[in-house]
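This report refers to the structure that appears directly beneath it.
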Amino acid sequence: MPDNKTFSGAAGERMYDTKGKLIQAHGGQIQKFTVNGTKRWYWIGEDKTDGYRPCGGIHMYSSSDLFQLKDEGVILRTMDTIEDFMLPYFKQTYGDLDRIEQERLFVDLDRQNCVIERPKIIYNKKTGKYVIWFHADGRCSGSEGDYGKAKAGVAIADSPTGNFRFLGSYKLNYHNDPTADYGFDGWENRGSVRDMNLFLDKDDTAYIIYSSEGNRTTYISKLNDAYTALAAERDTAREGIDFTRNFIGAYKEAHAMFHYKNKYYLIQSGCTGWSPNPASYAVADCPMGPWKEMGDPCPDVGKETTYDSQSACVIPVEEENGIYVYMGDRWNEQDLADSRYVWLPIQFLPDSRIALPRMENWTFN
Ligand code: GAL
């Protein structure tokens, strides 16, 4: 971005912060918050400075214009050992936790074993807290794989730049039928969460969107008033009211939901790990659906890989003027730290259709 007006788009040029350091905010989300009277953009994402591991935690950048990106640092920190709870930063953030509490939290913050992916943040007007949810995974006792834990982690802070206090990780809603097909998770691992995102509706209801049942099915669950847990107890939640199951058996992930002119849109990818695949999108009248499948939003050459990207979020740049930007990750499996970001404008077409044109070096004009 040489001139602070141009997005490299499908070219996926490296992006740097105002100090010239590579942006580390993968699987991220960008939105505006007003903090102490000042409106700014906040970009949250995965810190992959050290590649896949040690896990770098959650990084934040802020900006007045989406181009000059100020490093706000790692806002949710991981640890080398459980003794790190004694360090000043963790003491300040977590206070004096007893050993049992430390052990509970350490499972998800242990740099050498944890996986922290697709962090998303929303602001709760009532509590005045910023709430982060992320895909909390990684090796843990009884599960040697990186994606066997399959939970959602929650953290809160008074400011979008932290320090975020991690509260815990949880399984979420599940379809209450032990004979159903739960994919590779099986009934034992019901309520599993892998790729996820959040959506905050105009009426202040918040939703978590996540791949479950071994990634077969997309769940959309209502969060409670504080946005720190599910709205309804996991074991008594009502399917169709407290949560919905969508695109059953269709294996979708990389969920990116947004709202435009009375319609809700959901862009997703297929499930092929770090390798890109074609995107799909759906439209609904409510965040929990029912969703109408609309096909592939990409019209141009390279659509079979979403122009070598996987959806992370859609940035509502100017909702009133219909300016929305798709942000995707161009994962580099060989060098995850150098994974790129692909920003493309969303085109709104008749009949609630959208298109993601392949564009390079584009501007808002
Ligand atoms: C993708 C997912 C990424 C990451 C990756 C690991 O399917 O979207 O967030 O988990 O798999 O292989």
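Read the numbers this way: they start at 1 and go in the same order the structure lists the ligands and their atoms. Because only heavy atoms are used, hydrogens play no part in the values below, and waters and symmetry mates are left out as well, while side chains stay in. FYI, the numbering just counts along the sequence from 1.
In this structure, the protein non-hydrogen atom closest to atom 2 (C) of ligand 1 is Asp195 OD1, 3.3 Å. With respect to atom 9 (O) of ligand 1, the closest heavy atom belonging to the protein is Arg118 NE, 3.0 Å.
Near Gln310, with a cut-off below 4.0 Å to any heavy atom, the atoms of ligand 1 are 8 (O). Close approach of ligand 1 to Gly273 is summarised as follows: ligand atoms under 4.0 Å from at least one heavy atom of the residue are 1 (C), 7 (O), 11 (O), 12 (O).
Applying the side-chain contact (heavy atoms from CB on, under 4.5 Å) criterion to Asp80, with sequence neighbours excluded, gives Asp84, Arg111, Gln112. Remark: Asn36 pairs with no residue by the side chain to side chain donor-acceptor pair (under 3.5 Å) rule, at least two apart or across chains.
Within the set Arg194, His26, Glu117, the minimum heavy-atom distance to atom 10 (O) of ligand 1 is found for Glu117.
In summary, of the residues considered (Tyr281, Tyr264, Tyr265, Phe199), a ring pair (Phe, Tyr, Trp, His ring centres under 6.0 Å) with Phe258 occurs for Tyr265 alone. Tested against Tyr174, the residues Tyr210, Phe243, Trp187, Tyr182 include a single ring pair (Phe, Tyr, Trp, His ring centres under 6.0 Å) partner, Trp187.
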Start with the C-alpha gap between Phe166 and Ile156, add the side-chain angles, then the distance that decides, and say whether side chain to side chain contact (heavy atoms under 4.5 Å, CB included) holds. CA-CA 7 Å; Phe166 175 60; Ile156 56 171; over 6 Å; no

What's the verdict on side chain to side chain contact (heavy atoms under 4.5 Å, CB included) for Ile208 and Ile220, showing C-alpha distance, side-chain angles and the deciding distance? CA-CA 6 Å; Ile208 181 163; Ile220 302 176; over 6 Å; no

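Residue contacts with ligand 1 for His135 are absent, since no atom lies close enough (heavy atoms, distance under 4.0 Å).
Polar contact check, Glu253 against ligand 1: a nitrogen or oxygen pair lies under 3.5 Å apart.
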